[in-house]
Amino acid sequence: MSRPHTLSWLDAPRDDTGVEMFDETSHVYRPYPELADAATRISGGLVAAGVPRGAVVPLLCSTGPDLVAAFYGVQAAGCVVSVLAPPTRMSGEAARAHVRSVVGAVGADAVVVDAAHHDFAADVLAEAAPHTRLLLLEELAEAGPGRRDPAEQALVQFTSGSSGRPRGVRISHAALDANTAAIRAWERAGRDDSWCSWLPMHHDMGLIGCLVVPVSGNNRLAVCRPETFLRHPLSYLARFDANRVERPATITATPAFGLQRIVDRVGHGDLEGADLSGVRAVIVGAERIDPALVTRFTALLRPHGLAPHTLTPAYGLAESTLAVTGVPVEEVPRAVRVRRDDLRVGARVSLADGDTDRETVQVTSCGRALDGLTVAVVDEDGEPLPEGHVGELAVAGTSLADGYLADGPAGSTALTGGRLLTRDVAFALAGEFYVLGRLGDSVKVHARSLFAEDVELMLGRAGLNLSRVCVVLGEADGRAHAVAVLEGLDERAAELAEDVLASACPGTRRHVARVPRGAIPRTSSGKSRRRQLWQRLSQEQVFDGAPAATAGTSRT
């Protein structure tokens, strides 16, 4: 096959840009010619080590320039890369299980690992895959340059697992090229644009949106580890400030949680003298976007030059490489209010003004389909619905994955008949898509659907910290149940949660569970694993009147 566009930068790396790794006090910068040389030497090292062309090679490496070089080095060797989530201080057994599952799922003969993670990987693989070789990144980079023709597949990326077990998704170079080009066209990315990211590089939003997109275009990229952003979001914001850095970033991406972290931890005084007028796009995806949060975020940053149209909602998922829809850059995102009674598959939504949160839902547009993709809202039989009707999002086009490594459970996201059935519920208005939530994270009550994401947003508006809240919905013993799980929050928070559930979830049996910090299971990208949490609550007999002794469960 011809050389993929996303690899072409290796042949002509710009010498005036590169990748920077920073934290609160330091930074490391490596120009693209140096990274291209490292990638071709890593490729040569893999060839010399006898790793077969077309083999899937998991990569365990710290966020930063070395990961960029290794990612492209694996592909330059004609292999398929799968980026592993590095362990953190809090990840514990979950990180070990993640490595074991990925290595097993791809049947890896070899894993590339940097020195910082060698002992961890050796310990994990000694238990699960004793015949899998560990290839040290620093030693591979000492080899002479060498390249092979690219494999048809570019990477295997794993879904977040928020609604079930993570699944390996096979992404071809053709799909990666198509989605990368579509994202750059949507963002109107040019030669002088610069990216900054705190997103984990093992997850599709960070890997594709904030690594492949800028690097394939030879654009400058500044990255920090997620923990740096969580501790000190001001150090991240400083990278966009024309009065603090010589080449401020113009594009970034974040889940809504990132906006929340900024408004919670950064004040106007912290931004005194800042110039953020050069920021062109803050892509927001992965979660429902609360219009009230958008208002708070823009109120904080607008006095310092950030234009309201800079905030750019989007929708995507790993099975479409990354992006599916997006609000056109430099357009103010739209939000509409619809009646809750219309939230059922097949129903037509009714727009409403001035009604209460109990009667209505406010939803932000995720924009239009990107180039090369066709998006439709379909009914329970997969047939297209008219505009304005609630249904499941179905996607077709050039950036779809080739398939999964293994089948998923019934009712999960599926690639079938040349299209992707996402299990995400939405409606379309004037060609734009408004995403409500997942079918698996909702429950029907009185012929309408309640969505966990919507209830969580109401808890946030009541003053609860959404990073420590998870709502799960489902049926048990013939009854609909709504559970607000509060992680490390006090009795006052539980009382607020009870009030919100009473308002938001009429017709359900309602429960508030206070649990210790760290008790909510999460994906490697930080999303709550709702189905796993539901199963745990079921085992602890929360739904049959017997509270779990360790959970501190109360119920109304």
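Using cut-offs of 30° and 60° on the angle between ring planes, the pair H98 and F158 is perpendicular. Relative ring orientation between W198 and F229 is described as parallel, the plane-to-plane angle staying below 30° on a 0-90° scale split at 30° and 60°.
Considering only heavy atoms from C-beta on, T325 stays 4.5 Å or farther from R368 through its side chain. Within the 4.5 Å cutoff, the side chain of I251 has heavy atoms near those of the R280 side chain. By the 4.5 Å heavy-atom criterion applied to side chains, T63 and R225 are counted as neighbours. At a threshold of 4.5 Å between non-hydrogen side-chain atoms, the residues S350 and V338 do not count as touching. Taking the side chain as every heavy atom from C-beta outward, F257 and L230 approach each other to under 4.5 Å. Under the 4.5 Å side-chain criterion, counting only non-hydrogen atoms from C-beta, Y315 is in contact with D424. L293 places a side-chain heavy atom less than 4.5 Å from the side chain of Q260. Taking 4.5 Å as the limit, every side-chain heavy atom of V515 sits out of range of all side-chain heavy atoms of L486.
Heavy-atom minimum distance, W186 versus A314: CH2-CB, 3.6 Å. Closest of all the heavy-atom pairs between T298 and P308 is CG2-CA, 4.5 Å. Of all non-hydrogen atoms in A249 and C196, the two that sit nearest each other are CB-CB, 3.6 Å. Annotation for G273 and D241: closest pair O-OD1, 4.5 Å, computed over non-hydrogen atoms. The two residues L464 and A493 make their nearest non-hydrogen contact at CD2-CB, 3.6 Å. Contact detail for L300 and G267: the closest heavy-atom pair is CD1-C, 4.0 Å.
If you take NE2 on H304 and CG on N243, they are separated by 11.5 Å, rounding to the nearest 0.5 Å. Note that CD of E491 is 7.0 Å distant from CD of E498, once rounded to the nearest 0.5 Å. Rounding to the nearest 0.5 Å gives a distance of 10.5 Å between CG of L59 and NE2 of H117. Rounded to the nearest 0.5 angstrom, T312 OG1 and E187 CD are separated by 8.5 Å. Going from atom CE of M21 over to atom CG of L67 covers 10.5 Å, rounded to the nearest 0.5 Å. Going from atom SG of C210 over to atom CG of L199 covers 5.0 Å, rounded to the nearest 0.5 Å.
Judged by distance alone, the side chain of T310 and the main-chain N or O of L306 form no donor-acceptor pair under 3.5 Å. Of the possible polar contacts, none joining the R423 side chain to the L421 backbone as a donor-acceptor pair under 3.5 Å is found. Side-chain atoms of T422 come within 3.5 Å of backbone atoms of L393 as a donor-acceptor pair (strictly under, hydrogens ignored). Checked by atom type and distance alone, the side chain of R468 pairs as donor or acceptor with a backbone atom of E487 at under 3.5 Å. Proximity of a side-chain donor or acceptor of W195 to a complementary backbone N or O of V213 within less than 3.5 Å is not detected. A distance-only check finds a donor-acceptor pair linking the side chain of Q157 to the backbone of T321 [under 3.5 Å].
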- Query: Would D23 and C224 satisfy side chain to side chain contact (heavy atoms under 4.5 Å, CB included), going step by step from the backbone distance to the final call?
  - Reply: CA-CA 6 Å; D23 58 24; C224 66; 5.8 Å; no
- Query: Between F427 and V336, is a side chain to side chain contact (heavy atoms under 4.5 Å, CB included) present by the stated rule, with each step listed?
  - Reply: CA-CA 11 Å; F427 58 89; V336 298; 4.1 Å; yes
- Which is it for S365 and V327 under the side chain to side chain contact (heavy atoms under 4.5 Å, CB included) test, yes or no, and what are the steps along the way? CA-CA 7 Å; S365 168; V327 172; 4.2 Å; yes
- Message: For L125 and V103: C-alpha separation, side-chain torsions, deciding distance, then whether side chain to side chain contact (heavy atoms under 4.5 Å, CB included) applies.
- Response: CA-CA 9 Å; L125 295 183; V103 170; 4.0 Å; yes
- List the steps and the verdict of salt bridge (charged side-chain N to carboxylate O under 4.0 Å, His left out) for R96 and D123. CA-CA 9 Å; R96 303 171 69 86; D123 184 46; 2.8 Å; yes
- Test side-chain hydrogen bond (donor to acceptor under 3.5 Å, both in side chains) applied to S197 and Y236, step by step: CA-CA 8 Å; S197 175; Y236 161 81; over 6 Å; no
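Taking 4.0 Å as the cut-off between side-chain N and carboxylate O, E432 and R334 count as a salt-bridged pair. A salt bridge does not link D270 with R265: every distance from a Lys NZ or Arg NE/NH1/NH2 to an Asp or Glu carboxylate oxygen is 4.0 Å or more. Taking the charged nitrogens against the carboxylate oxygens, R296 and D264 do have a contact shorter than 4.0 Å, which makes a salt bridge.
Just one of V282, I283, I262 meets the side chain to side chain contact (heavy atoms under 4.5 Å, CB included) condition when paired with T254; it is V282.
The environment of R302 atom CZ is sparse: at most 12 non-hydrogen atoms of other residues, nucleotides or ligands sit within 6.0 angstrom. Annotation for H27: atom NE2 does not count as buried by contact number, only 12 or fewer foreign heavy atoms lying within 6.0 Å.
Stacking of R239 on the aromatic ring of F22 is recorded, both the 6.0 Å distance cut-off and the 45° axial limit being met.
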